[in-house]
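Inspection log for the structure reproduced underneath, given as structure tokens.
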Amino acid sequence: MSVLEVYIFVLAAFVGYMVISKVPALLHTPLMAATNAIAGISLVGSLIAAGAAQNRVATIIGFVAVVAATSNIVGGFLLTDRMLKMFRRDEKTPASQAK
Amino acid sequence: MSVLEVYIFVLAAFVGYMVISKVPALLHTPLMAATNAIAGISLVGSLIAAGAAQNRVATIIGFVAVVAATSNIVGGFLLTDRMLKMFRRDEKTPASQAK
Amino acid sequence: MRISVPTETAPREQRVALAPDSVARLIKQQKLEVVVQRGAGLRAGFRDDAYESAGATLAADAASALGGSPIVAKVQPPSPSEIAQIDTGATLISLMRPGQSADIVALLAGRNVTSLALELVPRITRAQSMDVLSSQSTVAGYKGVLIGASALGKFLPMLTTAAGNISPAKVFIIGAGVAGLQAIATARRLGGVVSAFDVRPAAREQVQSLGAAFVANELVNESAEAAGGYARAQTQDEAARTLAAIGNHIKDMDLVVTTAQIPGRAAPQLITAEMVASMRAGSVIVDLAAETGGNCALAKPGETIQMHDVTIIAPLNVPSTVAFHASQMFGRNIVELLKHLVKDGQAQLDAADEITGAMMMTHDGKVVR
Amino acid sequence: MRISVPTETAPREQRVALAPDSVARLIKQQKLEVVVQRGAGLRAGFRDDAYESAGATLAADAASALGGSPIVAKVQPPSPSEIAQIDTGATLISLMRPGQSADIVALLAGRNVTSLALELVPRITRAQSMDVLSSQSTVAGYKGVLIGASALGKFLPMLTTAAGNISPAKVFIIGAGVAGLQAIATARRLGGVVSAFDVRPAAREQVQSLGAAFVANELVNESAEAAGGYARAQTQDEAARTLAAIGNHIKDMDLVVTTAQIPGRAAPQLITAEMVASMRAGSVIVDLAAETGGNCALAKPGETIQMHDVTIIAPLNVPSTVAFHASQMFGRNIVELLKHLVKDGQAQLDAADEITGAMMMTHDGKVVR
Amino acid sequence: MRDTFIQASYVIASILFILGLRMLTRPDKARTGMQLAAVGMLFAVIGTLFNPTIVDFRWIIGGLVLGVVIGYPMGMRVPMTAMPQRIALSLTLSALAATLVGIAEYYTEIAAGSPPSHMKMAALNFEIMLGSITVAGTIVAAGKLQEWIASRPVTFKGQNLVNGVVFLGVVTLFAYTVVDPSQSWAFYTMIGASLVFGVMLVMPIGGADMPVVVALLNSYSGLASCATGFAIGNVILLISGSLDGASGLILSILMSKAMNRSFTNVLFGAFGSQTSTAGAKTAEGLTVRSVGVEDAAIQLAYAQLVIVIPGYGMAVAQAQHAVRELAEMIEKRGGEVKFAVHPVAGRMPGHMNVLLAEANIPYDKLFDMDEVNSDFDRADVALVIGANDVVNPAARNDPASPIFGMPILNADRAKSVIVLKRGMSAGFAGIENELFYDKRTSMLFGDAKTSLTGLINEMKNV
Amino acid sequence: MRDTFIQASYVIASILFILGLRMLTRPDKARTGMQLAAVGMLFAVIGTLFNPTIVDFRWIIGGLVLGVVIGYPMGMRVPMTAMPQRIALSLTLSALAATLVGIAEYYTEIAAGSPPSHMKMAALNFEIMLGSITVAGTIVAAGKLQEWIASRPVTFKGQNLVNGVVFLGVVTLFAYTVVDPSQSWAFYTMIGASLVFGVMLVMPIGGADMPVVVALLNSYSGLASCATGFAIGNVILLISGSLDGASGLILSILMSKAMNRSFTNVLFGAFGSQTSTAGAKTAEGLTVRSVGVEDAAIQLAYAQLVIVIPGYGMAVAQAQHAVRELAEMIEKRGGEVKFAVHPVAGRMPGHMNVLLAEANIPYDKLFDMDEVNSDFDRADVALVIGANDVVNPAARNDPASPIFGMPILNADRAKSVIVLKRGMSAGFAGIENELFYDKRTSMLFGDAKTSLTGLINEMKNV
Ligand SMILES: NC(=O)c1ccc[n+]([C@@H]2O[C@H](COP(=O)([O-])OP(=O)(O)OC[C@H]3O[C@@H](n4cnc5c(N)ncnc54)[C@H](OP(=O)(O)O)[C@@H]3O)[C@@H](O)[C@H]2O)c1
Ligand SMILES: NC(=O)c1ccc[n+]([C@@H]2O[C@H](COP(=O)([O-])OP(=O)(O)OC[C@H]3O[C@@H](n4cnc5c(N)ncnc54)[C@H](OP(=O)(O)O)[C@@H]3O)[C@@H](O)[C@H]2O)c1
Ligand SMILES: NC(=O)c1ccc[n+]([C@@H]2O[C@H](COP(=O)([O-])OP(=O)(O)OC[C@H]3O[C@@H](n4cnc5c(N)ncnc54)[C@H](O)[C@@H]3O)[C@@H](O)[C@H]2O)c1
Ligand SMILES: NC(=O)c1ccc[n+]([C@@H]2O[C@H](COP(=O)([O-])OP(=O)(O)OC[C@H]3O[C@@H](n4cnc5c(N)ncnc54)[C@H](O)[C@@H]3O)[C@@H](O)[C@H]2O)c1
């Protein structure tokens with residue numbers, strides 16, 4: 001693992017910070033849902049663990065991890081989507097007015 | 001040079017973008033001065049070139065580079081500072097009012 | 001059930017007890033029958049045909065208007081002759097000048113007419129819609145300022161013109177009740193610089209809520225407010241300090257409108273002869289408390305006089321000069337009152353009722369107040 | 001150099017040619033000497049002492065006020081007797097009713113008095129500060145609405161009250177010149193729903209710039225505007241279409257204020273008897289063009305009449321009823337004019353001058369217009 | 001070749017994540033943003049599947065399928081109201097995954113007889129510590145939200161002490177294993193300790209503050225994935241992990257702000273001191289819901305019909321001009337605004353008319369009671385500005401009330417009500433107003449003018 | 001150890017750069033931000049000096065000293081007005097440095113007989129191409145700004161063709177050297193070609209658009225450093241390079257927006273088609289300076305005394321309420337606001353009074369001509385809202401003018417003037433107004449109400 005990863009960490013964190021700062025409270029919940037769906041990225045690790053076939057134990061654990069992560073991702077995104085549908089009705093109004 | 005550098009590039013660029021988007025026009029000039037002072041970072045490269053002492057030519061070129069970059073940095077920051085001084089008088093007003 | 005509206009006979013009275021819109025409501029919403037004397041509304045701007053199309057039947061003369069109705073609605077207190085024409089046992093709803101009309105009341109009692117005095121509607125939020133004092137004070141406050149502004153040799157608003165800068169007139173409203181507040185609003189609309197004074201502490205915030213300045217904060221005190229938001233009479237030295245305060249504020253006022261009253265008593269004298277003398281030439285005082293004696297010592301109720309180069313106007317029955325809307329509001333008050341009184345086609349004259357009881361002057365041939 | 005101000009003698013004239021503040025300016029800024037007749041300003045609200053402290057010397061009577069001054073400033077045209085008291089060779093500045101005052105003019109010429117008619121100040125931006133028509137029209141427009149509002153049996157503003165909802169009065173201003181615009185502004189201030197009409201296209205934008213609605217856009221046309229922003233008389237069919245338009249708009253108006261004038265001619269008749277008949281009972285018409293015959297066919301200049309249940313008021317010399325500020329503005333106009341006339345203590349009566357020339361009625365004993 | 005493909009898909013994934021998050025902060029773009037993020041996730045997964053170390057796909061396929069089967073109903077069935085606990089639970093899952101991966105990694109290396117390097121161990125520890133804390137914490141949080149567990153703050157004597165000890169334990173074990181990675185027992189004990197600590201962390205926090213806690217734990221699990229990234233040198237984990245970590249943190253701070261509670265107060269106020277839940281209790285034990293300008297602004301921004309009810313308070317605050325501004329902004333966004341003027345609003349007949357006219361609100365926007373009362377049913381928001389008695393349902397329901405019988409504006413019939421007033425004090429009639437305690441009512445406390453100015457600014461950002 | 005130190009200082013440097021840039025976007029923080037960036041630079045340099053490949057410090061010291069000696073006067077002496085060209089020149093320097101480094105790198109590797117890898121060559125090429133384009137471009141830009149070179153767009157027949165050819169040349173050489181890095185001649189030719197291209201690029205652009213160009217070149221040189229970073233595997237170069245690249249690009253786009261010119265129009269509109277410079281020409285060939293709301297907003301935000309001059313235009317736009325709002329905002333920020341009402345402003349006596357009163361602007365803020373005219377000298381901004389004749393200096397200076405002799409408001413005595421009107425049309429008197437062409441005047445075109453609303457929003461951001 002190289003020092004470059006530290007830069008990536010710093011930069012990514014900064015991006016995360018800048019992106020989120022000042023969000024209307026209304027969006028807090030969906031945003032939470034979304035970020036946590038992204039947190040499902042741990043799936044990537046799980047896949048490797050489950051697929052590396054180093055040894056039974058690791059594979060089993062990996063398998064469980066995959067199940068957990070996947071269900072989170074799938075569920076999470078669907079849920080967020082449902083929540084955000086609520087804005088759909090109005091989407092155009094402000095959009096059109098925005099310009 | 002590793003692929004990680006690509007990430008760094010992407011992230012840094014993104015940060016640069018997010019930071020600058022929506023700046024009051026009044027600040028365009030000082031901001032330009034500042035970013036270009038930062039562009040003086042090429043000094044880093046120059047230093048290495050000038051100090052590596054691989055061969056005369058490289059060293060001379062490096063030397064020139066150092067001179068150029070340095071004068072740019074020094075001049076650049078001083079200049080920006082002078083420009084920005086113009087706001088100093090008012091700094092507190094909005095600040096105090098902000099809260 | 002039938003309710004009738006005679007033409008007002010009192011001098012200078014242009015209002016009518018029910019405007020066509022009120023008549024329509026009574027007929028549609030309360031299934032009452034309404035009789036209106038011919039020409040009753042004309043001076044207020046309501047032609048007879050308006051009443052007819054509202055569903056009223058027209059009575060040729062006072063007799064046929066007053067007689068034969070269980071309920072009679074009037075603006076001014078009835079004259080003896082009018083009383084004579086009202087059916088015995090009927091109910092009369094009108095202003096009564098409680099306290100100043102013993103004879104009339106006696107006659108009514110004698111004829112066993114139940115009379116309800118509109119002045120006595122209790123000051124409770126629920127009864128506000130029946131409160132003619134409020135509605136008519138509103139008119140008075142508005143008109144009072146117009147009268148003053150017209151009499152004043154100055155502009156109310158500020159104007160910057162090629163012919164120099166006109167500075168806004170200074171308007172001072174004394175008494176910030178219903179009339180006073182309306183006067184403040186009107187004067188502000190016209191662009192005057194408005195200040196006001198009242199003894200009730202609540203009045204201060206109310207004055208400011210209209211964007212006007214309140215004078216002599218130090219003078220107001222809690223105790224000044226009596227039941228129903230009315231003011232009580234002041235003590236000797238309160239009065240003295242009030243006068244002092246008004247005295248040194250009034251000096252450079254251009255237009256002064258006074259509305260200070262105390263229920264059942266003479267209006268407090270708040271502007272002395274000296275104060276008038278101290279005012280600028282050409283300034284104007286409109287004394288809306290004239291009915292109850294006036295707030296200005298020099299005011300002659302019903303007249304407009306010049307003294308110390310100051311014009312002092314003390315108009316009587318101001319609401320009547322805005323007859324159209326005054327009648328409309330008066331009528332609506334009566335409609336609301338009838339809503340309260342008349343249950344399924346019968347007038348409920350319950351002396352114990354919070355509202356009816358409070359208004360009753362005569363009942364069952366007896367003077368009940 | 002000395003300039004003198006007599007007391008106005010015309011009936012119903014309460015103004016004075018110079019208010020104390022103007023006197024002060026003349027003395028301070030232009031080093032002139034000012035003589036004011038005793039009591040000249042009193043009816044406008046200016047006491048003699050105010051003049052004294054402004055630096056004027058008081059003249060006991062008209063004779064001593066009019067005589068002995070190279071310049072005399074008045075409001076109304078001089079009476080023959082007054083003319084007799086003015087020094088020969090002196091200059092008289094006042095309103096002159098050009099065209100209607102041949103006799104007076106003759107007398108002035110006879111006495112070799114140079115007379116400048118204030119009505120004739122040219123309509124150029126530079127001369128605006130000397131333009132008494134503008135300043136006095138401003139007063140008229142403001143007061144006209146007050147008169148109308150006071151005569152109206154309705155509220156101008158909308159009010160939502162416990163006694164029902166008062167809908168705002170509809171106000172219609174005809175002629176959107178200086179007076180008309182001021183009337184619009186005043187009526188809007190009072191909360192009326194204001195519409196206006198004028199023939200000059202420029203007027204439309206100006207009306208809207210005051211937040212009022214403009215009626216019958218289709219009627220206005222470029223050609224309607226003559227030099228100096230005045231209107232010219234209309235052609236036969238223009239007039240016809242104008243009447244039609246006004247006719248169907250006026251029906252449901254509560255208050256109508258007319259200010260339409262055409263310089264040097266009788267005011268256009270814009271409200272016919274039928275229109276009046278078509279209006280609601282109780283509505284009010286204020287005809288500010290009364291001086292030049294009135295815009296309403298039924299108007300009787302100087303009188304208030306009732307017809308078809310409509311009140312028609314045709315007041316004369318309205319500015320005089322706001323004497324204080326009217327005089328102040330009038331005075332400032334005169335000051336500005338004198339600034340233009342008097343150079344280093346000498347009155348420059350240059351017939352070729354764009355402004356002076358335009359105003360001159362008599363000069364060197366001749367009638368120059 | 002294959003490697004470049006993986007990297008490429010990772011790069012794309014991270015960019016999509018960033019853009020997605022960015023859009024998620026704009027109500028009108030949010031949904032698209034979310035979908036971008038989802039696509040990003042797809043790229044990440046596909047990219048990963050090409051990872052050379054993956055040799056056996058059977059378990060993977062199985063896991064994915066099973067995951068989808070479980071995840072789908074979770075996403076579709078859950079009622080909107082159960083949202084927070086649902087989020088908490090799915091967070092448990094991702095944290096669990098992260099933890100397990102860490103364990104697997106550690107186990108494998110130990111099993112292979114080559115204990116991980118110190119550096120790597122540190123990373124692994126972080127991953128596992130944060131992971132387990134999150135797992136435990138989120139379960140408790142979900143419990144409290146679902147009220148399986150007492151939602152009120154659970155505290156006991158010497159709590160701080162116990163917490164301190166546990167925390168110390170975790171830290172020591174952490175350090176120890178880094179120094180000597182071969183000590184499996186210490187490693188597994190640390191997991192246990194972390195779990196306990198997670199419970200400890202959340203237990204003493206009140207149910208009302210749970211959302212904040214969940215957001216914070218979210219950021220923990222983000223950092224966990226980040227650590228995984230370091231450990232197994234996987235960039236996409238690294239990036240999205242840190243993205244998550246940062247955004248989660250900010251989000252939790254923002255949320256506590258929005259609940260006007262200080263962040264530290266939510267977390268550490270938790271320890272020992274009983275924390276109060278947002279919302280003031282009243283005599284009758286009813287609670288009012290107070291909102292911040294942001295929320296109110298959003299409500300107004302997306303409302304189709306807003307009915308403004310001005311009262312004496314508007315006059316006192318002289319807020320008429322601000323009201324006009326706000327109304328104009330709502331209309332600019334396509335909403336409709338009506339002004340409902342009650343006959344006795346204010347302190348004089350026509351009080352409201354005078355002020356609204358002054359603010360140049362056209363007459364045709366003013367409606368009196370009879371005209372407007374029927375519209376409330378279809379109003380999305382009734383905006384009550386310093387009015388009180390005139391919207392007091394007691395006039396309808398409570399014969400004992402002094403104002404019984406007075407007709408009132410049916411604010412309580414609107415889909416939602418926002419009330420601007422300074423405090424809970426009564427109006428002219430001097431009586432309580434149950435409308436303020438209605439569950440559809442949110443109170444925006446403060447001087448009407450100030451609040452309105454606030455709303456106006458917020459509207460700009462929405 | 002030493003390496004970690006270097007890396008640490010680099011990490012710190014990059015963070016400082018980012019934070020610095022961020023602050024630079026807030027007027028009140030800008031200066032601090034700039035200083036942060038400077039400190040960051042220091043870290044970067046110091047960190048670099050520890051680089052093991054650096055063995056000989058003599059030349060470095062010399063270079064640094066000389067650089068400071070040259071840089072200091074450049075920074076302190078230049079008059080503010082010469083700012084743009086100065087920036088252009090210093091940009092030349094940093095680009096030059098980047099280019100030289102690239103050359104040195106290449107030379108060394110060739111000299112050492114080991115031509116660089118394809119990858120590295122690509123990086124080097126980028127570095128050098130962008131570098132030289134910038135060098136050439138900035139020199140031309142500076143020339144135009146200083147007007148050594150015709151500041152008007154220089155165009156000639158067949159320009160597009162020539163440009164095309166040159167560009168093609170550059171690309172080909174680029175590709176060729178990447179394929180065979182050992183071809184020095186191609187490498188050096190490419191440099192030449194790039195320089196030419198740089199000149200070509202800027203020549204046809206008008207002087208007024210130079211700032212945009214400089215900003216763009218700035219982003220090029222940023223990318224150049226970035227490429228260097230790739231080439232010699234130096235992270236700080238990489239990060240600050242890409243930061244610069246991105247921000248420079250955005251900045252140039254923003255700037256062209258602010259000059260209400262489309263970005264592409266500035267750049268490619270350049271080729272062939274004559275581009276017009278911002279600002280409309282008038283009969284007398286005087287030019288007016290039109291500004292965007294952002295600039296105007298800033299001016300107002302930091303003014304101590306603003307005198308508002310309302311005219312008929314304000315009435316036509318019915319902008320009185322917006323005016324009040326703006327005034328309140330200026331006061332909130334500590335500025336003072338006076339309203340100067342000219343006797344004949346509008347179309348009727350007291351026209352302005354009526355409207356300002358309606359908007360509830362207190363009487364004591366209104367001043368008539370005589371009261372206020374003396375204040376203009378100390379006014380930072382005279383804000384002329386739809387007024388024209390009443391601020392027309394012709395009334396003072398030009399005896400021929402129909403309004404000569406009319407007293408006017410001394411707007412032209414204020415430190416700066418902002419005029420809100422829809423276009424250049426005349427007022428009531430129908431005459432030109434030289435005030436609009438004064439160099440201290442900026443015109444904010446558009447309906448007064450719209451412009452004011454714009455200003456109000458901007459003020460919020462400032
Ligand atoms: N219209 C009339 O003719 C008339 C005449 C006399 C009496 N009344 C009576 O007055 C009442 C009118 O009802 P209403 O609803 O208009 O007023 P209200 O019932 O008196 O309530 C006004 C509310 O405004 C709030 N408030 C005061 N200042 C404020 C500020 N600066 N910012 C925000 N909120 C503020 C107060 O609560 P906080 O203190 O908690 O902020 C108060 O609860 C009726 O009871 C009516 O009977 C009317
Ligand atoms: N006050 C009086 O009693 C009176 C009476 C009669 C005549 N006047 C004359 O009127 C003039 C008054 O001077 P002023 O400076 O107030 O006005 P002005 O000189 O007439 O100029 C008004 C300016 O406002 C601009 N404008 C118009 N509509 C606009 C809108 N919607 N938004 C922004 N700008 C708008 C116009 O330029 P654009 O079209 O380019 O926008 C115009 O140049 C004087 O010449 C005076 O003599 C006054
Ligand atoms: N139903 C209701 O709730 C209701 C209805 C109408 C009015 N009110 C309230 O009742 C109050 C008074 O109403 P009103 O106008 O009919 O009263 P009013 O006409 O009897 O008196 C007018 C005003 O004069 C004031 N005043 C008395 N003595 C004074 C003195 N010495 N100096 C100065 N001012 C003096 C009084 O305080 C009052 O404000 C008002 O506050 C009004 O809001 C309530
Ligand atoms: N110095 C100056 O620049 C200056 C000074 C004062 C007024 N003015 C301009 O001159 C114009 C007229 O001023 P005024 O008010 O003294 O004019 P006025 O008093 O002579 O006439 C009043 C109004 O009646 C209107 N009118 C005439 N015939 C009409 C008809 N048939 N129907 C409807 N309306 C009719 C006229 O257009 C005018 O607007 C105004 O626009 C004013 O702005 C300019």
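Predicted model only: the values in this text are computed from it and were never measured. Convention: sequence-line order gives letters A, B, ...; per-chain numbering from 1.
- Per-residue counts of heavy-atom pairs under 4.5 Å with chain D were compared for C:Asp131, C:Val139, C:Ile147; the largest is that of C:Val139.
- For the residue pair D:Arg47 and C:Arg280, the shortest heavy atom distance occurs at NH2-C, 4.2 Å.
- Ranked by heavy-atom pairs shorter than 4.5 Å toward chain D, the options C:Ser129, C:Gly191, C:Ala44 are led by C:Ser129.
- Applying the ring-ring contact (aromatic ring centres under 6.0 Å, His included) definition to pairs two or more places apart or across chains, those involving residues 120-150 of chain C are C:Tyr142-D:Phe155.
- Contact between D:Ala162 and C:Gln128 at its shortest, heavy atoms only, is CB-O, 3.8 Å.
- No part of C:Ser327 comes within reach of chain D, as not one of its non-hydrogen atoms sits under 4.5 angstrom from that chain.
- Heavy atoms of C:Gln14 lying under 4.5 Å from chain D are absent altogether.
- In this structure, C:Leu146 and D:Leu156 have side chains that are not in contact, with every pair of non-hydrogen atoms separated by 4.5 Å or more.
- Judged as a salt bridge (Lys or Arg N to Asp or Glu O under 4.0 Å), the pairs with a partner in residues 151-172 of chain C (not counting sequence neighbours) are, in order, C:Lys154-C:Asp254.
- Heavy atoms of C:Asn165 lying under 4.5 Å from chain D belong exclusively to its backbone.
- Counting heavy-atom pairs closer than 4.5 Å to chain C, the top-ranked of the candidates D:Gly282, D:Ala163, D:Gly164, D:Gly153 is D:Gly153.
- We find the CD-CG distance between D:Gln182 and C:Leu159 to be 5.5 Å, quoted to the nearest 0.5 Å.
- The structure places CD1 of C:Ile166 at 9.0 Å from OG of D:Ser135, a figure rounded to the nearest 0.5 Å.
- Taking all atoms of both residues into account, the shortest heavy-atom contact from D:Arg189 to C:Pro157 is NH1-CB, 2.9 Å.
- In this structure, chain C has a heavy atom under 4.5 Å from the side chain of D:Thr161, while its backbone stays farther away.
- When heavy atoms are compared at a cutoff of 4.5 Å, D:Ser22 does not approach chain C at all.
- The candidate with the highest count of non-hydrogen atom pairs below 4.5 Å against chain C, out of D:Ser283, D:Ser167, D:Gly331, D:Gly45, is D:Gly45.
- Neither the backbone nor the side chain of D:Arg43 has a heavy atom closer than 4.5 Å to any heavy atom of chain C.
- Proximity to chain C (any heavy atom under 4.5 Å) is restricted, for D:Ala323, to the backbone atoms N, CA, C and O.
- Heavy atoms closer than 4.5 Å to chain D are found nowhere in C:Arg188, neither backbone nor side chain.
- Proximity to chain D is limited to the backbone of C:Leu152, based on heavy atoms less than 4.5 angstrom apart.
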